[in-house]
J.: 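Quick one: the structure is below, and I'll ask about it shortly.
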Amino acid sequence: MALNLGVLVSGRGTNLQAVIDSIQKGSLEAEVCVVISSKQDAYALKRAEKYGIPHYCVLRRDYKRQKDFEREMVNLLKKHDVELVVLAGFMTILSPYFVNEFKNKIINVHPSLIPAFCGKGFYGERVHKAVLDYGVKITGATVHFVDEGTDTGSIILQQAVQVLDDDTVESLGARVLKLEHELLPKAINLFARGKLKIEGRRVKILD
Ligand code: GAR
């Protein structure tokens, strides 16, 4: 049985595309049942439309309280029978209310080797700029479960890339993104096949 995914996005949606491509190739037994964007002009919504995936835009400014905004997303995800929530470039920090509605059923992809260059304020290209400014020699991509903190949940998969002397935010970001596109579908696949075992902070991958 295919795993029902709900994908939360805020931007161009290349990670969403990587998930869709893996499903279409047959390497991921899942279905994207719903896409929710926190931004009206997110290109990810166009991708959802192209594949006939139900898609919604839920804007924080339309709700008085964070909880009401999140409740709308929770309702949509539940309406579409979502079993795993995938944050794929979703630029809004979720409160404990949302996290507890899908406990251990939310994963996020982050463009660095957590716990470096993560947390509040570290998102998108800002991460790569911080990596270059600091001068570290390796960075990478992480897929992790989402807990009540920001980028603090248990790590599922991580892979490193070398930072090159002539790297720019764009060149480094592109190499990390390529990794994300491999790691995210792989992590979803492991979850779908029941291969992830959470033990404290550690996620063990079963054979
Ligand atoms: C990705 O690099 C993702 O890791 C990052 O935003 C980008 C979204 O790209 N997410 C974060 O920084 C979250 N902290 P996409 O819209 O093309 O998938």
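Read the numbers this way: they start at 1 and go in the same order the structure lists the ligands and their atoms.
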J.: Using a 4.0 angstrom limit on heavy atoms, which residues are close to ligand 1?
T.: Arg12, Gly13, Thr14, Asn15, Gly89, Met91, Val109, His110, Pro111, Phe122, Tyr123, Gly124, Leu177, Glu180

J.: Taking salt bridge (charged side-chain N to carboxylate O under 4.0 Å, His left out) as the definition, give me every residue that meets it alongside Lys195, ordered by chain and number, with sequence neighbours left out.
T.: none

J.: What side-chain donor-acceptor pairs closer than 3.5 Å can you find for residues 49-58, not counting sequence neighbours?
T.:
| unit_1 | atom_1 | unit_2 | atom_2 | d |
| --- | --- | --- | --- | --- |
| Tyr51 | OH | Gln17 | NE2 | 2.9 |
| His55 | ND1 | Ile53 | O | 2.8 |
| Tyr56 | OH | His80 | NE2 | 2.8 |

J.: Answer yes if the side chains of Gln158 and Thr142 hold a donor-acceptor pair under 3.5 Å, and no otherwise.
T.: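 Side chains of Gln158 and Thr142: pair found under 3.5 Å.
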
J.: Between Asp21 and Lys25, is the closest basic N to carboxylate O distance under 4.0 Å?
T.: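 No, no charged N to carboxylate O under 4.0 Å.
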
J.: Go through the structure and list residues passing salt bridge (charged side-chain N to carboxylate O under 4.0 Å, His left out) with Glu180, not counting sequence neighbours.
T.: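 Salt bridge (charged side-chain N to carboxylate O under 4.0 Å, His left out) list for Glu180, sorted by chain: empty.
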
J.: Kindly indicate whether a cation-pi arrangement holds for Lys105 with Phe191, taking the cut-offs as under 6.0 Å to the six-membered ring centre and within 45° of the axis.
T.: no

